[in-house]
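Below: one structure, written as structure tokens.
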Amino acid sequence: MPVAVVGTSHRTAPIEVRERFYVMEGRAESAVARVLCEKRVQECIVLSTCNRTEYYLHAADPGAAERAVTEAMAEQAGLSPERAAGYLYDHTGRDCVVHLFRVTCGIDSLVLGEHQIQGQVKTAYLRARERIPGSVGPVLHRLFQSAMAVGGRVRTETRIGEGAASVPSAATRLAEKVFGSLRGRVAMVLGAGEMGKLTLACLVREGVEGALVASRTLERAERVARSVGARAVPIEEFWGAFGRVDIVVTSTGSPSPILSARRVRAARGSVGRPLVVLDIALPRDVEPDVGRVPGVFLYNVDDLQRVVDSAEAERATELDVARTLIAEHAEAFWRWYRAREAIPLIRQLRSAAEAMRRAEIEEVLREMDSLAEEDRERIHRATRQLLAKLLHAPTVALRRLAADPDGLEALDVAKRLFQLDGGEGRGGG
Amino acid sequence: MILGSHLAALLCYLAAWVTHLEFFRRGRSSPDGRAVGATSAGFVFHLAGLVAFALHERALPLVGVGPASSTLALAVVAFTLGAAVRPDTRASGLFLLPLAVALLAEAILVGLHPAPRQLAFRGPWLVLHVTTVFAGFAGLALASAASAMYVLQFRTLKRKEFGSVFRFFPSLDALDRLGGLGLGIGFPALSVGLLAGWGWTLTYGPTLPPDDPQVVLAVVAWGSYLAAIGARLSPRWRGPRAALVSAAAFVATALAFVVLRLLADGTGDSFL
């Protein structure tokens with residue numbers, strides 16, 4: 001009875017398709033309940049983020065379960081099952097385990113090594129466990145616990161998630177290297193372009209307060225300011241505000257530089273604190289000499305890109321370490337999972353032996369009808385103990401054989417030896 | 001017990017320093033809990049060794065070259081651990097731990113024996129004097145480590161070199177705060193210590209000759225501190241120049257210490 005995953009992500013579907021598959025928070029319960037209606041699905045957890053929607057399953061018949069999930073996802077997205085299938089992928093067994101571990105570690109993310117996904121995996125698991133009774137059994141519980149464990153190890157033992165992944169985040173990182181925490185710092189954007197807006201949004205997320213947007217068109221400045229929780233100022237007030245800010249982002253479409261060293265010196269006056277100037281415009285808005293003004297740290301778009309490239313290179317070197325950790329945890333999970341294969345076999349063996357014992361003892365006791373009830377119970381107890389001792393070693397051996405990748409043949413021999421089929425009682429334990 | 005604890009502490013400090021170096025080499029953002037754990041373990045061993053010394057010798061490890069070096073090393077490690085409380089200033093161990101290792105190694109090599117003669121200057125006055133002076137030296141070491149890192153990080157940011165220094169060293173703001181903290185704690189401590197020594201001398205002892213190595217070291221250290229604080233307070237000198245003065249202040253004090261140690265009379269009474 002394998003584990004399986006069916007889903008879609010940024011790798012297989014564009015955003016306009018992904019948003020159709022997205023399972024909103026309040027609807028996860030009904031989505032999982034629908035999949036659990038398929039009789040051969042024992043457990044189900046749905047993970048839905050802006051970049052992926054995946055159904056993790058523990059099912060007796062993964063093929064049927066995958067079909068059921070495809071139908072459910074297609075219906076939600078308003079697509080035909082055939083069309084939906086074009087955006088979906090599925091993994092079964094060990095591939096599913098490795099896939100979830102890769103997802104949790106951020107290796108499958110749009111931004112390599114991002115940590116947010118770990119919290120989302122945890123939330124998906126907790127939500128299913130707490131709100132959808134019966135959706136999480138021992139297998140998915142163990143699978144998700146292992147995923148969170150390997151995610152934690154990759155986060156602490158590698159630097160896969162460190163460093164800037166985009167120009168706006170590189171800008172934030174540089175500002176943080178000067179100011180430490182950006183809480184309470186003041187930033188100003190000159191120009192109302194998209195990159196300037198993204199950079200300011202990134203800075204605001206990191207705690208920048210009193211953000212200002214200055215643009216030649218006040219309306220555009222106000223529009224940008226509203227979208228990031230900043231305040232628009234007329235372009236005429238730019239130099240007046242210059243002396244009060246800690247970070248300046250320039251992203252105008254001006255054909256020639258706007259900020260010269262002379263003007264920056266004059267505007268800063270005797271202000272002693274540092275100023276970070278991030279020139280993300282092309283052509284540049286800031287003369288290179290501004291970087292020589294005391295206390296001013298000037299970076300252009302090439303510098304920011306170098307920060308991103310260097311972080312990316314570092315992340316890539318950590319991938320091997322992360323992959324090794326994932327393989328290690330996948331192996332551990334797989335051993336545990338395979339060991340479960342022995343459970344129905346052990347149950348069968350024990351119940352067959354117990355039936356045999358009871359039949360034989362009952363027959364003997366029928367011939368000894370003068371025996372007191374107390375003595376009869378004593379004989380039952382002694383033979384039960386004897387049986388438990390006899391079966392202890394085979395039980396341990398069966399568990400070991402199941403966990404061993406090369407133990408399948410030996411398990412078959414054991415089945416033949418004890419005349420067991422291994423089918424009865426599956427899914428228990 | 002005394003030597004064993006000191007050796008264990010030395011090994012722990014070395015392990016912590018190697019961890020810092022490895023993190024720096026790999027360009028990590030700051031050393032993790034292993035480095036702090038090793039430093040803390042070393043501190044516990046170190047403290048146990050000094051307590052054992054005090055119990056065994058019935059004297060605090062404040063006089064005699066070996067015990068005093070060991071106590072000063074402990075003060076430096078205490079400041080290192082204090083800086084490690086905040087992850088953003090944990091990297092300062094890269095500069096402070098080798099200093100602690102050097103002092104402790106010297107203590108072990110010289111021998112952890114009490115001063116051969118009993119000093120006239122003893123009792124609570126001596127304890128106050130030595131502990132505060134050591135806190136002053138450790139504060140100066142912290143301030144100068146933070147300042148040296150500030151200068152390097154500043155240069156990296158100006159030159160746009162996004163390598164190991166950029167990633168491992170803390171932000172300029174964090175280093176500036178750490179430097180200020182070192183001076184803020186160390187300078188009053190050193191001043192109190194020097195006043196305690198001077199006060200005792202005026203009250204009970206003979207006048208200290210101006211060429212006494214301890215007086216020279218005290219004047220150099222106090223003057224260096226004063227220069228570092230003055231540079232920080234001056235609006236024109238703030239930033240990298242003030243950091244350079246702080247780093248130079250420590251170098252001047254350390255040089256004075258080494259020279260005076262070489263010229264010392266070898267009685268082994270004092271720290272020098």
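Numbered from 1 within each chain, the chains take letters A, B, ... in sequence-line order.
Neither the backbone nor the side chain of A:Ser181 comes within less than 4.5 Å of any heavy atom of chain B. For B:Arg167, the parts lying under 4.5 angstrom from a heavy atom of chain A are both the backbone and the side chain. Proximity to chain A (any heavy atom under 4.5 Å) is restricted, for B:Phe169, to the backbone atoms N, CA, C and O. At a 4.5 Å heavy-atom cutoff, the contact between A:Glu318 and chain B is made by side-chain atoms alone.
Atom CD in A:Glu176 sits 11.0 Å away from atom CG in B:Asp88 (nearest 0.5 Å).
Of all non-hydrogen atoms in B:Asp173 and A:Arg185, the two that sit nearest each other are OD1-NH2, 3.6 Å. When all heavy atoms are compared, the tightest approach of A:Asp303 to B:Phe162 is O-CE1, 3.5 Å. Pairing each heavy atom of A:Gly180 with each of B:Ser171, the nearest pair is CA-OG, 3.2 Å.
A donor-acceptor contact shorter than 3.5 Å is absent between the side chain of A:Lys177 and the backbone of B:Phe154. Using modelled atom types, one side-chain atom of A:Tyr299 and one backbone atom of B:Leu157 make a donor-acceptor pair closer than 3.5 Å. Between the side chain of B:Lys160 and the main chain of A:Leu304, no donor-acceptor pair closer than 3.5 Å is present.
With a 6.0 Å radius and a threshold of 12 heavy atoms from other residues, nucleotides or ligands, A:Arg284 has its CZ atom at or below the threshold.
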